2 protein chains.
Amino acid sequence: MRTLKAPSAPTLEMVGAHAGVSRATVSRVVNGSPKVSEEIARTVRAAIAELGYVPNRAARSLASKQAHAIALVVPEDMTRLFGDLYLATIIVGINDRLQESDYVLNLMVASTDPHGKTMRYLQGGNVDGALVVSHHTADTFLSTLTSTIPVVFGGRPAAGIEGGYVVDVDNVAGSRTGTERLIAIGRKRIATITGPKNMRVGSEREAGFLAALADAGLTPGPVVEGDFTLSGGAAAMRTVLEQDPSIDGVFVASDSMAAGAMTVLRSMGIQVPTDIAMVGYDDSEAARSTEVPLTTVRQPSEEMGAAMADILIAVLNGAEDRPRTTILPTQLVIRASA
Amino acid sequence: MRTLKAPSAPTLEMVGAHAGVSRATVSRVVNGSPKVSEEIARTVRAAIAELGYVPNRAARSLASKQAHAIALVVPEDMTRLFGDLYLATIIVGINDRLQESDYVLNLMVASTDPHGKTMRYLQGGNVDGALVVSHHTADTFLSTLTSTIPVVFGGRPAAGIEGGYVVDVDNVAGSRTGTERLIAIGRKRIATITGPKNMRVGSEREAGFLAALADAGLTPGPVVEGDFTLSGGAAAMRTVLEQDPSIDGVFVASDSMAAGAMTVLRSMGIQVPTDIAMVGYDDSEAARSTEVPLTTVRQPSEEMGAAMADILIAVLNGAEDRPRTTILPTQLVIRASA
DNA sequence: TTGTAAGCGTTATCAA
DNA sequence: TTGATAACGCTTACAA
């Protein structure tokens with residue numbers, strides 16, 4: 001049952017009274033001002049703990065003209081596209097860092113109303129900065145944003161977008177490393193199943209594959225385009241085998257496709273990795289669930305989220321010297337398939 | 001076109017000056033108070049438009065004691081577990097409704113610090129209500145919340161949790177429908193791969209399966225417990241076949257497991273649906289990516305998010321008569337596997 | 001180092 | 001129907 005009048009949340013004033021100091025002093029302690037004697041600070045902290053004081057964000061924002069909030073902007077299609085852990089994991093990474101700050105995350109799904117409320121909200125001083133999970137598909141309306149508030153993109157945004165910081169994964173190096181694994185274990189006739197070539201990730205991963213082979217002086221086997229789905233991977237695998245039944249290794253640009261490809265090999269009685277070694281990409285759950293556990297290239301999604309948050313917070317704190325682009329390394333995860 | 005010094009956002013005062021009225025009147029117009037003469041209202045609206053006035057959320061919250069914010073609380077393990085579209089889709093649904101209101105969504109990943117900042121933040125008047133995506137796993141610390149602010153759970157929370165509203169999916173009816181599909185196409189010897197039995201969804205879906213068979217007067221085939229993963233589904237499928245090689249249908253409690261199960265059938269040369277018909281659950285991306293597109297039971301995730309938001313907003317607007325529990329129906333999606 | 005006091009932009013209570 | 005005028009809880013010069 002609710003009391004007639006809920007005991008209102010403790011204020012600075014009340015904490016001050018409790019600790020025998022003024023509200024200003026409490027404010028200083030809360031904000032970690034150095035000019036407070038350690039003794040008083042201790043008393044105040046005790047009072048804060050005892051009363052369970054939490055700063056009122058509205059009041060704080062009003063007085064300081066800072067929102068103490070960060071927007072997480074997710075293009076709508078992302079929410080539909082990304083079944084895999086990508087988004088969720090990035091969020092975990094972001095959250096990790098934000099938890100230590102006193103910023104709050106405002107989730108905005110963009111594009112339901114691209115030019116209206118969302119933008120006005122973002123530009124209206126309601127958030128101090130924005131994190132955009134773009135995965136290379138960012139809408140251009142976001143470029144307006146970068147001139148108003150600090151923005152960090154996760155994944156390089158579309159070409160037209162100026163300004164902002166970018167955290168990205170080195171796709172070329174990643175697929176190069178994956179391919180090199182195949183070369184290192186002695187495979188000579190190596191094919192690849194790529195992502196859609198009109199997607200940046202698709203072409204970048206193909207580039208890394210080709211570069212690794214070129215460096216090793218090997219001629220590439222069949223290069224077949226896939227669509228990042230399980231069935232697409234299966235279909236592509238069949239095409240690869242039609243084009244060249246003699247291959248002994250295949251680099252597949254996503255784990256889902258690799259899982260599909262593996263079922264095809266299995267059904268044809270081709271042994272992995274004995275007959276054909278296989279390397280995937282993503283280190284998603286699929287990589288652990290295939291019959292032969294998949295050697296794959298891990299994307300540091302959680303680190304990516306953490307880096308995005310770190311950069312934005314640093315910039316909000318006045319860091320001027322941050323590089324505009326941060327490239328995170330990928331990591332080869334060796335399992336049984338190669 | 002930008003001035004040297006960004007002109008600070010227009011305030012009520014400025015709009016008032018522009019329109020020749022007091023700030024109070026402007027406030028009334030903004031909030032649609034009926035007691036303003038239409039003529040003045042028009043003038044004020046013109047001034048608002050001309051100046052591009054947007055209310056300052058912080059000031060408004062401070063004065064009205066309403067945060068105009070809603071927390072979306074996601075237990076941390078959810079972010080790890082739910083690769084499938086479940087979470088993302090619910091968020092889309094929530095967002096859909098919130099976009100029309102003037103509430104903002106605060107994303108909170110719970111449990112990094114269960115008893116500390118998050119709870120205090122939630123209870124400190126920083127949000128007006130909370131949406132908890134519990135999927136039956138809600139931590140009990142959330143029960144404290146329900147006595148402070150309105151809470152809507154998506155998925156029935158753990159037993160100990162009192163209060164709050166619940167939006168849930170009818171799992172029993174869903175799996176019953178899925179199983180009935182198998183029966184309808186003439187299968188007689190039907191097995192099931194269940195979810196973990198200690199999870200509510202797991203046991204509920206098993207119950208629906210058994211109920212459908214009982215109604216049809218059929219004896220259940222093997223009932224094997226899975227873990228909702230692809231490889232778990234594969235392993236369970238092998239167990240099913242060991243226990244009874246003669247089955248002609250299988251109801252699988254998640255699409256991921258169904259995908260895994262299907263690879264096993266395929267590798268054994270068993271045709272789907274000719275030899276064994278299969279029905280999955282979730283209608284996740286996996287259902288469209290399997291070799292034989294999966295007939296499956298769709299969870300209305302987006303509608304679930306929308307319902308959660310609707311209910312919370314209604315309650316925040318003073319609705320007292322809302323039922324505490326809302327059950328959403330599932331839907332059978334027929335593809336090729338059954 | 002600490003306290004006083006003036007805002008921050010709204011809402012809401014009174015009078016007028 | 002309108003306009004003054006207090007709050008709301010916090011930050012931040014400015015004094016002490």
Side-chain angles (χ1 to χ4, degrees), chain A residues 5-45 47-48 51-69 102 104 121 124-126 128, chain B residues 6-45 47-48 51-69 102 104 120-121 123-128:
Chain A
K5 185 170 182 294
S8 52
T11 68
L12 278 187
E13 197 73 51
M14 296 162 69
V15 175
H18 200 84
V21 299
S22 78
R23 101 160 133 262
T25 300
V26 181
S27 172
R28 293 189 186 103
V29 172
V30 170
N31 294 296
S33 161
K35 29 178 58 175
V36 171
S37 80
E38 183 49 41
E39 186 181 341
I40 290 203
R42 224 191 324 274
T43 322
V44 169
R45 275 191 287 268
I48 288 177
L51 268 49
Y53 168 78
V54 187
N56 177 308
R57 260 183 30 99
R60 180 185 278 212
S61 294
L62 185 56
S64 67
K65 307 207 144 272
Q66 292 195 298
H68 296 281
D102 56 13
V104 155
Y121 182 80
N126 295 299
D128 299 320
Chain B
S8 54
T11 68
L12 278 186
E13 197 73 50
M14 296 163 68
V15 175
H18 200 83
V21 299
S22 78
R23 120 171 105 245
T25 300
V26 181
S27 173
R28 291 188 187 104
V29 172
V30 169
N31 295 297
S33 160
K35 29 177 59 178
V36 172
S37 81
E38 183 48 40
E39 184 180 341
I40 289 202
R42 225 192 323 274
T43 322
V44 169
R45 273 193 287 267
I48 289 178
L51 269 50
Y53 167 80
V54 184
N56 178 309
R57 260 182 35 101
R60 179 182 278 205
S61 294
L62 183 56
S64 68
K65 304 204 145 282
Q66 290 196 296
H68 296 282
D102 57 11
V104 155
R120 283 206 306 276
Y121 182 81
Q123 314 223 35
N126 293 300
V127 297
D128 300 320

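Protein chains get the first letters and strands the later ones, always in sequence-line order, with residue 1 at the start of each. As the structure is a prediction and not an experimental result, all values here were calculated from the model. Just the heavy atoms: all of them, side chains too, but no hydrogens, waters or symmetry mates, feed the values below.
In this structure, B:Val30 reaches neither bases nor backbone, as no heavy-atom distance under 4.0 Å exists between it and the strands shown. At the heavy-atom level, A:Ser22 lies under 4.0 Å from base atoms of the strands shown.
Rounded to whole Å, atom C1' of C:dG9 lies 13 Å from atom CG of A:Asn126. Straight-line distance from the CD atom of B:Glu39 to the P atom of D:dT2: 9 Å, rounded to whole Å. In this structure, A:Lys35 places its NZ atom 12 Å from P of D:dT12, rounding to the nearest Å. As a whole-Å value, the separation of B:Glu13 CD from C:dT10 P is 10 Å.
In this structure a side-chain-to-backbone donor-acceptor pair under 3.5 Å is missing from B:Asp128 to B:Gln66.
For B:Thr25 and D:dG3, the shortest distance from a side-chain N or O to OP1 or OP2 is below 4.0 Å.
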Polar atoms only, N or O, under 3.5 Å: list the protein pairs with nucleotides 14-16 of chain C and their distances.
none

What N/O pairs connect the protein and nucleotides 5-9 of chain D at under 3.5 Å? Give each pair on its own line.
residue: D:dC8; atom: O3'; partner: B:Lys65; partner atom: NZ; Å: 3.3
residue: D:dC8; atom: O2; partner: B:Ala63; partner atom: N; Å: 3.3
residue: D:dG9; atom: OP1; partner: B:Lys65; partner atom: NZ; Å: 3.0
residue: D:dG9; atom: N2; partner: A:Ala59; partner atom: O; Å: 3.3

With side chain to side chain contact (heavy atoms under 4.5 Å, CB included) as the test, would you mind laying out the steps for B:Tyr121 and A:Arg57 before giving the verdict?
CA-CA 9 Å; B:Tyr121 182 81; A:Arg57 260 183 30 99; 3.3 Å; yes
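Side-chain contact between B:Arg60 and B:Asp102: present, with at least one pair of heavy atoms (C-beta onward) separated by less than 4.5 Å.
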